[in-house]
Amino acid sequence: MIFNCKSVEETQDLARKLARNINPGTTISLIGDLGAGKTTFTKGFARQMGIKDHVTSPTFKLISEYQGEKYKLNHIDAYRMNGSEDFLNIGGEEYLLSKNSITIIEWGDLLNDILPSKTIRVNFARIKSPKESRKIEISGIKFV
Ligand SMILES: Nc1ncnc2c1ncn2[C@@H]1O[C@H](COP(=O)(O)OP(=O)(O)OP(=O)(O)O)[C@@H](O)[C@H]1O
Ligand SMILES: [Mg+2]
């Protein structure tokens, strides 16, 4: 499924829509360049989960955990990790196996070798014009 999101609000609306269609125990891999919109998307997703905390980029913390209304959200940034070995060394497998939380991984393509086969992938690409547009492609799930 390919979406053209013309503003931050449209990107976050799409994230909220995805969140309404996700079951706990799911891993979502966000793929795209610096500033493509991965954290922006995660903020919308978190809001739909009923998370009131301010969601920030986990670039330095690597993993942030938030309590949603029904489930927990694990927000992971793989950018600074040296591949999946680093991720496993900080206890990452626990997040991939968790049945009652949802895990979102920015730069998830760096961990492709260990992600569950049913991982949902979200690809972000900037569109030249208008400047505030993003092409967002979601695979591994269908919703209307
Ligand atoms: N349509 C859009 N969707 C998402 N973000 C947009 C859009 N248009 C403009 N932006 C801006 O682009 C930036 C996206 O930054 P964001 O932190 O979400 O990127 P990121 O993919 O998480 O980057 P990083 O790899 O550094 O973590 C924000 O400043 C946001 O306001
Ligand atoms: Mg980010």
Side-chain angles (χ1 to χ4, degrees), residues 1-69 71-98 101-116 118-144:
M1 291 188 295
I2 299 181
F3 303 87
N4 188 350
C5 296
K6 294 188 279 305
S7 62
V8 165
E9 290 68 34
E10 284 191 23
T11 295
Q12 293 187 332
D13 281 350
L14 176 62
R16 296 185 71 153
K17 206 168 183 184
L18 177 63
R20 288 197 289 274
N21 286 277
I22 290 281
N23 296 316
T26 302
T27 300
I28 304 171
S29 170
L30 306 185
I31 303 148
D33 290 343
L34 289 166
K38 302 178 294 297
T39 301
T40 301
F41 186 92
T42 305
K43 287 179 189 200
F45 193 99
R47 187 146 37 99
Q48 182 64 36
M49 285 182 68
I51 292 163
K52 301 277 186 316
D53 289 359
H54 188 60
V55 172
T56 54
S57 176
T59 305
F60 296 100
K61 274 197 302 181
L62 305 181
I63 299 177
S64 307
E65 297 180 31
Y66 302 96
Q67 186 58 55
E69 213 173 286
Y71 317 114
K72 210 177 72 171
L73 173 67
N74 311 306
H75 184 198
I76 297 172
D77 194 335
Y79 185 64
R80 275 165 200 281
M81 293 180 201
N82 227 327
S84 42
E85 201 178 316
D86 267 11
F87 179 67
L88 295 175
N89 281 337
I90 58 171
E93 194 174 23
E94 184 194 318
Y95 296 99
L96 301 181
L97 297 174
S98 165
S101 63
I102 294 169
T103 299
I104 293 188
I105 309 180
E106 296 194 30
W107 295 94
D109 46 325
L110 299 174
L111 306 178
N112 264 340
D113 52 334
I114 52 159
L115 293 185
K118 56 181 175 42
T119 297
I120 293 169
R121 289 183 164 77
V122 186
N123 270 279
F124 298 78
R126 284 170 202 265
I127 292 173
K128 286 225 172 64
S129 84
K131 229 176 77 200
E132 305 281 281
S133 266
R134 301 290 188 271
K135 188 180 100 178
I136 301 181
E137 183 166 8
I138 302 181
S139 58
I141 187 172
K142 281 203 179 96
F143 56 82
V144 283

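Residue numbers start at 1 and run along the sequence shown. Atoms within a ligand are numbered from 1 in the order they appear, just like the ligands themselves.
- Residue A36 places at least one N or O, backbone or side chain, under 3.5 Å from an N or O of ligand 1.
- At least one heavy atom of D33 sits less than 4.0 Å from an atom of ligand 1.
- Below the 2.8 Å limit, the Mg ion (ligand 2) has as protein N, O or S neighbours T39 OG1, E106 OE1.
- In this structure a side-chain-to-backbone donor-acceptor pair under 3.5 Å is present from T26 to N23.
- S7 contributes a side-chain N or O that, together with a main-chain N or O of E10, makes up a donor-acceptor pair within less than 3.5 Å.
- For the side-chain hydrogen bond (donor to acceptor under 3.5 Å, both in side chains) test with R121, the passing option among D109, T27, N112 is N112; the others fail.
- A heavy-atom distance below 4.5 Å is not found between the side chains of K72 and Y66.
- Counting only heavy atoms, the protein gets under 4.0 Å from atom 19 (O) of ligand 1.
- Distance from atom 13 (C) of ligand 1 to its nearest protein heavy atom, with residue and atom name: G35 O, 3.7 Å.
- Note on ligand 1: W107 sits in its first shell, one or more heavy atoms being nearer than 4.0 Å.
- By the 6.0 Å contact criterion, CD on E85 is open, its count of non-hydrogen atoms from other residues, nucleotides or ligands being 12 or less.
- With a 4.0 Å cut-off on non-hydrogen atoms, T40 touches ligand 1 through its backbone as well as its side chain.
- Counting heavy atoms under 4.0 Å from ligand 1, residue K131 does not touch it at all.
- Counted within 6.0 Å of NZ on K43, heavy atoms from surrounding residues, nucleotides or ligands total more than 12; the atom is thus considered enclosed.
- Judged by distance alone, with hydrogens and angles left aside, the side-chain atoms of R134 form a donor-acceptor pair with the main-chain N or O of A36 at under 3.5 Å.
- Separating the CD1 atom in I102 from the NE2 atom in H75 is a distance of 13.0 Å, to the nearest 0.5 Å.
- At least one N/O-N/O distance between S7 and ligand 1 falls below 3.5 Å.
- Nearest to atom 27 (O) of ligand 1 among the protein's heavy atoms is E106 OE1, 3.2 Å.
- Screening residues 30-39 for side-chain hydrogen bond (donor to acceptor under 3.5 Å, both in side chains) gives T39-E106 as the qualifying pairs, with residues at least two apart or on separate chains.
- Residues I63 and I90 have side chains in contact (heavy-atom distance under 4.5 Å, counting atoms from C-beta outward).
- Summary of contacts: the protein heavy atom closest to atom 31 (O) of ligand 1 is V8 CG2, 3.4 Å.
- Using cut-offs of 30° and 60° on the angle between ring planes, the pair W107 and Y79 is tilted.
- The protein non-hydrogen atom at the shortest distance from atom 4 (C) of ligand 1 is T11 OG1, 3.6 Å.
- In this structure, the protein non-hydrogen atom closest to atom 17 (O) of ligand 1 is T39 CB, 3.7 Å.
- Closest to atom 6 (C) of ligand 1 by heavy atom, among R126, E132, R134, is R134.
- Judged by distance alone, the side chains of N4 and K6 never bring a donor and an acceptor atom under 3.5 Å apart.
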